[in-house]
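Single-structure report; data block below.
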Amino acid sequence: MDLIEFDHVTKKDYLEDFDLTIASQQKLGIKLSHEETMTLFDLIQKRYLPTDGSINCKTDSLMIERKDNGLYEKMKVKAYLSIFKRLADNEVDIYVKAKYFFLQNELNKRIETLSDLQKELLKLFRMSLFNPDLIMIESPMHDFSIEESEVYTKAINNIRNDGITAALFSSSVEELLLLNSEIYQMIDGHLTLLNKETTFKLSSHKDNQQFFFEPKEIDFVESINGISHFKVQSKYYPTNLTMNQLEQKLNNYGFYRCHRSYLVNLNRISEITNYAKNSYGLILNGPQHDQVPLSRTKVDEIKHLLKR
Amino acid sequence: MKLAMRKIIIVFWLQLQLIIKNMTLLIAPLMSIGYVIVFGKIVIKGSSLGYFLSIGMLCNVAMGGIMMSSMSLAAEKEKKTLQFLWDSSVSPTEYFCGNALAIEAIIVITSLILIPAGGIRLEQISLVNYLIMTIICTLISILLGYIVGIISPNQTVAGIIGLPVMFFFAVLPMFKIFSQTVYQIVSHSYSGILMKFIAVSLSKASYHWSVSDIGTLIIWFLSTLILLILLTNFELKKGK
């Protein structure tokens, strides 16, 4: 069932020819800038009319969460949720439902003491109380670590399993990739479904030249004297990004942090070696048979990942 | 109607919790109680009691009403907490009613505390008239505060814009006994009528509602309400 249709929606200076239909249960991500997202939300909420096109909202039960929406920081989590539970006229037991949003231990805490992740989960919980058909969220995972992103992803999947369609808007494709199976982006004035493989490239500046690599081209990433380097076809290319930043970006492209100074492309691994007691390494495919150290504590995990 | 009342009550409880947890907003009512207690103990019982109670009431009703409504609205705008309330199908009218009820409750309760706090016996003042006057004047203060809150993007600006408004309605009337000009100006304001009510009630005479007093209060109420509605519609329709 279609929930909302955007028919060539245009708002001068902000949105151009935005054409999209969101159906029930779709796992959708849309790459838009903050300004474009705000304009779209304002149009949906009829704050003003589009310059051209139309929006056909087929459900009354739609909730929007803007990135800068605030919370009542001085209130306790349970008291806050109780207010919205009453507004939503929902009989749900907050203690039971809190587990789906990983907030079961935070109910008696003041909202101002929550982490950024917990605040985003609280907003998600608050929206779910209204049992909407569709929720539209702007950039919920900006600045999250990998672990935090995983928790938030689980929470989103929980509400999707409850039958709520969640569409996410962000200016970062990496953020959208974590949560959605279909990503759309405005390309040449049209909303286009992205091919995950071709959207993402990493840059490197070397010898007065700029290089761009897709993740699948990179054998591994190594930190040498504090600078991260891509190993591509037996050559090293430096990058300004830190190992942690690269780990976050490449997590969805089959890369694994096998060592403090190495990120390895799992598709390149041909063998795990044990060259001494408690010393492990990875041998990669290719003519050079590159060797990459593997932390002793990560052996079991990488074996599990390679089996998948 | 029933649905609207339900939402107003929910907003009332929400706003009551928020105001009570914010010491900045409670300063005016607490200060008025402190003021009346201190001067009630210092002053020899007599006609001056009415003057100090009226100053306490100005602090509570005029200053407290304007401050609580302007700052709470400005805080909601600054922290962007209003948007989700609108999305939760709470209308601006329901929000204002719930918020106003919460502020009204706090100020009316404080006003009742001021009577014994100031050493005044309940028989000395007509409680019904006292409550009616408090409720009407508080409502006008709240509307004035909303006007300040609507035009302020944050609490700091609300505080700055609210200062002259509070000065005119809460501080200036205190000086009416010192200047005929001030007396003339203040007698046309709602806070001036509040002061007059207290002074007359606690003197040997008793207060009677006059056409001019009722008319003045109605004019202040209607003009602030109309201005608030116009400003709210303007803000809501403001678009790109």
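On a predicted model such as this, the values are computed, not experimentally measured, just so you know. Letters go in sequence order (proteins before strands), and every chain restarts at 1.
Taken to the nearest 0.5 Å, the CE atom of M75(A) stands 4.0 Å off from the CD atom of Q17(B). To the nearest 0.5 Å, atom CG of residue L87(A) and atom CZ of residue F84(B) are 9.0 Å apart. Atoms CG and NZ, from N22(B) and K74(A) in turn, are 7.5 Å apart once rounded to the nearest 0.5 Å. Taken from CD1 in I83(A) to OG in S88(B), the straight-line distance is 11.0 Å, to the nearest 0.5 Å. Taking CZ of R86(A) as the reference point, atom CG of L14(B) lies at 10.0 Å (rounded to 0.5 Å). From D87(B), atom CG reaches atom CE of M63(A) across 5.0 Å, with rounding to the nearest 0.5 Å.
Only the side chain of A79(A) comes within contact range of chain B, with heavy atoms under 4.5 Å apart. Within the 4.5 angstrom heavy-atom criterion, only side-chain atoms of Q45(A), from C-beta onward, approach chain B. Only the side chain of F84(A) comes within contact range of chain B, judged by heavy atoms closer than 4.5 Å. In this structure, chain B has heavy atoms under 4.5 Å from both the backbone and the side chain of Y72(A). The part of V90(B) that comes within reach of chain A is its side chain, from C-beta onward, which places non-hydrogen atoms under 4.5 angstrom from that chain.
At a cut-off of 3.5 Å, with distance as the only test, no side-chain donor of D68(A) or Q83(B) sits close to an acceptor on the other residue.
No more than 12 heavy atoms of other residues, nucleotides or ligands lie within 6.0 Å of OH in Y100(A), so this atom counts as exposed by the packing criterion.
The candidate with the highest count of non-hydrogen atom pairs below 4.5 Å against chain A, out of R6(B), E78(B), K79(B), K7(B), is R6(B).
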